[in-house]
Amino acid sequence: MRRLLDITGLRAGYGASRVLNGLSVHIDEGESIGLFGPNGHGKSTLLKTISGLLRPTAGSIAFDGNDITTQRPPAVVAAGLIHAPQGNTLFGNMRIAETLELAAFSKRAKAEATRRIEEVYVLFPRLAERKQQFARTLSGGERQMLSIGCALMCAPRLLMLDEPTLGLSPKLKEELAGAIAKISKTGVPLIVVEQDVEFLLSLTDRLYMIEHGEVVREISSANAPDHEEVMRLYFGAEGAH
Amino acid sequence: MDALLATLVSGLVLGSLYALMSSGLSLVWTTLGVFNFSHGALMMVGAFVAWTISEVLGLGPVVGILSGTLAAGLIGVIIERLLVRPFYNNRNMLLITAMTTLAAMVILERGAQMIWGARLKQLPRLVPGEVQILGTTISAHEALLIVLAPLILVALWRFTVMTNRGRSLRAVGQNQDSAALLGIDVPVAFALAFGISAALAGLTGALLGSIRFITPTMGSEPLTKAMIVVIFGGLGNLGATAGAAYLIGFIEAFLIFGLGLYWTPFVLFLLMILVLLFRPNGVFGGK
Ligand SMILES: Nc1ncnc2c1ncn2[C@@H]1O[C@H](COP(=O)(O)OP(=O)(O)O)[C@@H](O)[C@H]1O
Ligand SMILES: [Mg+2]
């Protein structure tokens with residue numbers, strides 16, 4: 001099967017501190033994957049390295065058959081690999097509508113901007129009601145919606161969402177989870193980082209558990225472990241380090 | 001009454017000059033978070049290049065002014081690349097770039113001295129003749145400055161608010177990583193902001209070159225005034241900066257009228273210190 005994203009032996013970190021220790025993950029054409037695992041073990045670092053914010057010290061990243069290991073963010077975005085980062089505050093002194101328009105920055109995205117902005121407003125009516133509101137005045141949930149909305153404006157061919165429901169109330173979480181499921185149904189492949197393994201199992205085809213910057217377990221949603229086993233995996237791992 | 005109106009008009013001319021200078025400083029500040037001390041020297045470069053193209057090569061003031069604008073913009077991009085960008089992400093960036101842009105100012109001023117010498121130079125007026133404003137006679141060239149300044153400010157404002165390229169400069173200033181993840185090239189945004197700002201300074205210098213004498217240090221006084229303006233207006237908001245520019249222009253004109261040239265800078269700087277003490281975010285700024 002064709003690989004949409006192929007990451008092998010990736011090493012990266014911040015200055016002297018190494019976070020990713022030879023990590024390998026992949027996405028086949030037509031599938032979505034989830035990443036989970038204890039906090040501080042490199043999930044966000046992995047996404048930052050894929051999108052070019054961090055430069056890997058070893059390993060390779062190929063997207064759609066092209067090597068993008070050392071590409072900078074503008075080139076990665078232009079290729080359609082889009083990353084909505086964890087806790088994205090975007091631009092406090094910019095209005096919602098303006099931010100969404102700006103997000104269609106690349107040439108490819110600009111061509112689809114008019115259609116996509118309508119789709120974003122349909123997906124997130126709360127944003128449509130607040131077009132002229134400044135980003136800094138948004139609630140956590142609204143900010144998350146804007147972040148995902150911006151990612152959609154970038155015309156994603158693969159969308160990476162980093163903890164899109166972090167810190168939200170159960171009701172808002174459900175709302176966002178529903179929106180993400182809708183995005184997935186439109187055929188956009190996803191990489192989703194989440195703590196909620198059950199949500200990931202329902203949304204994606206495969207899960208990687210990441211610990212100490214390495215893949216420690218791969219789970220297929222088709223023969224998923226039961227709830228208890230997931231809990232044991234999780235908290236067993238948390239207790240171990 | 002006549003004296004009052006004449007003072008108002010001269011305040012308007014000064015305000016236009018300060019608005020053009022300080023809007024560039026403000027643009028660089030909002031995009032890079034850097035204060036460019038070579039801004040006045042870039043203005044001077046614009047004036048000298050305009051003079052050389054117009055008078056020495058005989059291509060006329062219009063080509064001269066355009067060349068001065070372009071040359072200053074180009075040197076601005078070079079200063080950003082060589083003297084500002086290497087210190088990005090440095091903890092002491094603000095202090096270091098204050099030093100490096102001051103160094104750029106000295107280099108440009110000494111360079112101009114070497115190339116063009118100390119003899120006073122002046123550009124011919126872009127438009128000849130005189131016009132009447134509020135019963136006061138000023139040169140048509142000064143009137144042009146009064147009309148041009150708000151037009152340029154509005155164009156700059158529209159650029160930063162209505163176009164994605166302009167918005168990208170504001171975005172980079174507020175959150176570099178988020179901007180990069182939308183496909184915005186952060187170094188390109190830096191260079192663009194610096195280039196536009198420097199080009200504005202060059203244009204201002206070229207226009208001022210037919211009102212004042214062109215000398216290697218002609219930019220230092222407008223730079224200090226622009227600094228007072230951005231302290232009054234608060235850095236980072238184009239509207240507030242422009243408002244403050246005209247306010248300072250009027251205050252200065254009235255101080256010159258009432259107190260004379262000698263005491264005016266003294267009072268302006270006193271006002272600046274008071275603003276810093278009591279309204280540190282500027283007179284139009286929030287808390
Ligand atoms: N900007 C940064 N500078 C230095 N260290 C960082 C930075 N961001 C994250 N780290 C460190 O890298 C490690 C992995 O963090 P992260 O990738 O955010 O983990 P996760 O997303 O899995 O919770 C942590 O030890 C964290 O402290
Ligand atoms: Mg994280």
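Every chain is numbered from 1 and lettered A, B, ... according to where its sequence line falls, protein lines coming before strand lines.
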Practice task
Pick one of side chain, backbone, both or neither for B:V161, based on which atoms fall under 4.5 Å of a heavy atom in chain A.
Solution key: both
Fill in the blank from the handout: Interatomic distance, CG@B:L182 vs SG@A:C154, rounded to 0.5 Å, equals 5.0 Å
Exercise for the section: Determine, step by step, whether B:I184 and A:L102 satisfy the side chain to side chain contact (heavy atoms under 4.5 Å, CB included) criterion, reporting the C-alpha distance in whole Å, the side-chain angles of both residues, the deciding distance to 0.1 Å, and the verdict. Expected result: CA-CA 9 Å; B:I184 295 165; A:L102 170 64; 4.0 Å; yes
Exercise for the section: Tell me, please, which residues at least two apart from A:S24 pass side chain to side chain contact (heavy atoms under 4.5 Å, CB included). Expected result: A:T8
Completion exercise
With sequence neighbours left out, the residues meeting side chain to side chain contact (heavy atoms under 4.5 Å, CB included) with A:L5 are A:I7, A:I27, A:I50, A:I61, A:F63, A:L81, A:L158, A:I191
Step through the atoms of chain A and chain B and list each donor-acceptor pair whose separation is under 3.5 Å.
{"residue": "A:R72", "atom": "NH1", "partner": "B:D185", "partner atom": "OD2", "Å": "3.3"}
{"residue": "A:R72", "atom": "NH2", "partner": "B:D185", "partner atom": "OD1", "Å": "2.7"}
{"residue": "A:N88", "atom": "OD1", "partner": "B:S178", "partner atom": "OG", "Å": "2.6"}
{"residue": "A:T89", "atom": "OG1", "partner": "B:N175", "partner atom": "ND2", "Å": "3.4"}
{"residue": "A:L90", "atom": "O", "partner": "B:N175", "partner atom": "ND2", "Å": "3.2"}
{"residue": "A:G92", "atom": "N", "partner": "B:Q174", "partner atom": "OE1", "Å": "3.2"}
{"residue": "A:N93", "atom": "N", "partner": "B:Q174", "partner atom": "OE1", "Å": "2.8"}
{"residue": "A:E98", "atom": "OE2", "partner": "B:R170", "partner atom": "NH1", "Å": "2.7"}
{"residue": "A:E98", "atom": "OE2", "partner": "B:R170", "partner atom": "NH2", "Å": "3.1"}
{"residue": "A:E101", "atom": "O", "partner": "B:N164", "partner atom": "ND2", "Å": "2.9"}
{"residue": "A:E101", "atom": "OE1", "partner": "B:R167", "partner atom": "NH1", "Å": "3.2"}
{"residue": "A:E101", "atom": "OE1", "partner": "B:R167", "partner atom": "NH2", "Å": "2.9"}
{"residue": "A:L102", "atom": "N", "partner": "B:N164", "partner atom": "OD1", "Å": "3.4"}

Practice task
Sort A:A103 into side chain, backbone, both or neither according to what part of it lies under 4.5 angstrom from a heavy atom of chain B.
Solution key: both
Handout entry: Enclosure of B:M99 CE (heavy-atom neighbours >12, cutoff 6.0 Å)
Key =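 It does not: B:M99 CE has 12 such atoms or fewer within range.
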Handout entry: Shortest non-hydrogen contact from A:P73 toward B:A180
Key = CB-O, 3.5 Å
Considering only distance and modelled atom types, tabulate donor-acceptor pairs under 3.5 Å from the side chains of residues 181-190 of chain A, sequence neighbours left out.
{"residue": "A:T186", "atom": "OG1", "partner": "A:I183", "partner atom": "O", "Å": "2.5"}

